[in-house]
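Okay, so here's the structure we're looking at.
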Amino acid sequence: MKPKYIFVTGGVISSLGKGLAAASLGALLEARGLTVGMQKLDPYLNVDPGTMSPFQHGEVFVTDDGAETDLDLGHYERFTHTKLSRHSNYTSGKIYDQVISKERRGDYLGGTVQVIPHITNEIKSCIRQWADNIDVAIVEIGGTVGDIESQPFLEAIRQFRNDVGPQNVLYIHLTLVPYIKTAGELKSKPTQHSVKELRQIGIQPDIILCRADRELPQDIKDKISLFCNISGDAVFTARDVDSIYECPLALHEEGVDEKVVSLLNIWTGAPRLELWREIVRKINEPSGEVTIGIVGKYIALTESYKSLNEALTHGGIANDVKVNLDYIDAEEIDGLSDEAMLKRFKHIDGFLIPGGFGTRGVEGKISAAGFARRHKIPLFGICLGMQLMVVEFARNEAGLKDANSAEFDADTKEPVFYLLKQWTSPDGSQTFTQDENSNKGGTMRLGAHPCRLSEGSFAWQAYNHKGDIAERHRHRYEFNNQFRAVLEEKGLNVTGTHLHHDLVEIIEIKDHPWYLGCQFHPEFTSKPMRPHPLFVAFIKAALKKSKSS
Ligand code: GLN
């Protein structure tokens, strides 16, 4: 089956929510009974975002097969049923890497290797290779039209229409229509310029989505239609909404999905949006609230914790409560006494220590872990968070005063976490080795790994008594089994281990309302319609705490 292709580009400024618009469109097409696939093409030169700082690029989203990808892919998985893989995100760096490898191998038979056609052909084959057995492939082009780096991608998608036939391709352009207060007017000029850039390359958008803080009046739509050479009924408002889960409904009210299927000449019935309406209703009318303290390092840029924030919201949906997020700068609480923390964190119903890299803020997170443990406040540690829960317990309960992760103190006498030098891929097909000097890109323990749960544990209860689970990883350091016996003896229970290797995946303590650390990242697989069990259980414990205090 040959899919139809929708290319989503963005103009005027970045951060307009192109990823969300694409994901929402995916959700609407699925609601019309179509099967959808999604892909993101990023013009920057990093081979993948895995080596980029969260301050620069926000969260790195990990797929089941272990690809480190753009955070928009998180939206695609949360909004649709599409299964993403390493073919779902290509950067210029990756495309060039592939082309240069081919050149070195001699694949181009002595030809001069050029942007057109070699790079553009590579881009087109990356667009084509994954899109089998689906009705519609939605491909988002990162960056803003007009950027030098995005030109080969735009050229490739321009050619694509000729390759697969005009009836099979749709171009959607998302722009900004700002409201200028002093003039009291919405301005269409930036949109006109952005579309002019696109048309210069030979792409005439079929649909223009105008991000605006209010509904566009007809005269503005008419103006955009006239100047951008597009029919009047193909200009839509993409208005600001309170919750991202309202986006599909907002676009549907505008008639976007109707226009898309009619332009692509696909017949479907009306979309079934009951589930989306129900999610939005639950978000808007919760019967209570809880406050979660996120003790982190990247708190100034909450994009860094995108999936985490969403997973917490989903945990709230499942418990019918609103989840207030209080970002706590880990550095600020380092060294605070329990008394000071009790005062400062009176309003907190549960703490979450998320993943992270590097020394900054580590001691503050350890203090928070100890505080939550001693004062029986629900605590959820993810990846680095779990590692620091173990460090705290080792230092304060097991008498291992120097306990640390080798990531933060390479010479510690008590490395409760250490650099794993060798491991095999989850399917056993590949063996990886590394040491302190290895390349940093793509070399962590990545992707979904199977894990066996201990009966009766918090985890086992959360997963509804399931014995084996699989969750996504992204980390370099591992629990050091040399210390397992002494820690277990003092009451730190290992309640989840790798199904095939001697690797610790979950730790808990018993005499506590809810204290769980996991080496994997459960936030990546949580969806509004299918909240992740650990987030559901954590919010439930926080709710219990809020009711009791
Ligand atoms: N820095 C830690 C490691 O590499 C934890 C990583 C994470 O939290 N994702 O093992």
Side-chain angles (χ1 to χ4, degrees), residues 48-55 57-64 66-69 71 74 294-299 301 303-309 311 330 351-366 368-369 379-392 394 403-410 412 415-423 432-449 451 471-481 483 496 498 501 503-507 516-526 534:
D48 62 41
T51 51
M52 282 154 97
S53 157
F55 289 118
H57 191 260
E59 167 185 283
V60 175
F61 185 79
V62 180
T63 56
D64 264 349
E68 297 175 274
T69 70
L71 59 77
I294 300 178
V295 189
K297 159 176 158 188
Y298 314 111
I299 53 165
L301 192 73
E303 288 279 287
S304 320
Y305 299 125
K306 192 102 224 158
S307 295
L308 184 70
N309 300 344
F351 284 100
L352 193 147
I353 310 179
F357 296 83
T359 319
R360 234 180 75 195
V362 157
E363 290 301 322
K365 292 178 192 176
I366 293 175
L379 173 60
F380 192 5
I382 294 176
C383 208
L384 177 65
M386 173 266 205
Q387 301 181 355
L388 298 178
M389 284 162 82
V390 174
V391 171
E392 187 280 319
N404 213 335
S405 164
E407 179 177 4
F408 311 121
D409 180 1
T412 174
V416 286
F417 280 83
Y418 73 114
L419 190 69
L420 187 71
K421 300 265 154 93
Q422 187 175 336
W423 73 98
F432 302 95
T433 52
Q434 68 172 344
D435 61 28
E436 288 74 8
N437 303 317
S438 299
N439 270 353
K440 292 283 179 278
T443 54
M444 285 186 259
R445 179 149 81 96
L446 288 164
H449 287 249
C451 167
E471 294 285 359
R472 297 181 192 173
H473 289 250
R474 180 174 186 252
H475 63 108
R476 223 176 274 288
Y477 291 82
E478 294 287 347
F479 184 100
N480 188 342
N481 281 317
F483 296 94
H498 196 293
H501 304 286
L503 297 171
V504 168
E505 302 282 25
I506 305 176
I507 55 99
L516 184 149
C518 53
Q519 188 58 85
F520 48 79
H521 288 272
E523 70 272 27
F524 291 143
T525 48
S526 190
L534 290 178

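We count ligands from 1, going down the list as the structure has it; atoms in each ligand are counted the same way.
Although no hydrogens or angles enter the test, the distance criterion places no donor-acceptor pair under 3.5 Å between the side chain of Arg474 and the main chain of Cys383. A donor-acceptor pair under 3.5 Å links the side-chain atoms of Thr69 to the main chain of Phe61, judged by distance alone. Of the possible polar contacts, one joining the Asn480 side chain to the Pro415 backbone as a donor-acceptor pair under 3.5 Å is found. Between the Glu407 side chain and the Gly358 main chain, a donor and an acceptor come within less than 3.5 Å of each other. Side chain of His521 to main chain of Glu523: no donor-acceptor pair is present (N/O by atom type, distance under 3.5 Å, no hydrogens or angles).
The proximity of Gln387 to ligand 1, defined as any non-hydrogen pair under 4.0 Å, is limited to the side chain. Under 4.0 Å from ligand 1, the heavy atoms of Glu407 that appear belong solely to its side chain. Only backbone heavy atoms of Arg474 (N, CA, C or O) come within less than 4.0 Å of ligand 1; its side chain stays farther off.
Leu503 pairs in a side chain to side chain contact (heavy atoms under 4.5 Å, CB included) with only one of the listed residues (His449, Glu478, His473), which is Glu478.
Within the listing of ligand 1, atoms 3 (C), 4 (O), 6 (C), 10 (O) sit less than 4.0 angstrom from a heavy atom of His475. Set against the non-hydrogen atoms of Gly355, the atoms of ligand 1 under 4.0 Å away are 8 (O). Ligand-side atoms of ligand 1 in range of Cys383: 5 (C), 6 (C), 7 (C), 8 (O), 9 (N), range being under 4.0 angstrom from any heavy atom. Remark: ligand 1 atoms within the under-4.0 Å shell around heavy atoms of Arg476 are 3 (C), 4 (O), 10 (O). Taking every non-hydrogen atom of His521 and a distance limit under 4.0 Å, the qualifying atoms of ligand 1 come out as 9 (N).
The protein non-hydrogen atom at the shortest distance from atom 5 (C) of ligand 1 is Gly356 O, 3.4 Å. The protein heavy-atom contact nearest to atom 10 (O) of ligand 1 is Tyr477 N, 2.8 Å.
For ligand 1, the polar-atom distance check finds an N/O of Leu384 within less than 3.5 Å of one of the ligand's N/O atoms.
At least one side-chain heavy atom of Asn309 sits under 4.5 Å from a side-chain heavy atom of Ile294.
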message = side chain to side chain contact (heavy atoms under 4.5 Å, CB included), that's the test. Do Met389 and Lys365 meet it? Break it down for me.
response = CA-CA 8 Å; Met389 284 162 82; Lys365 292 178 192 176; over 6 Å; no
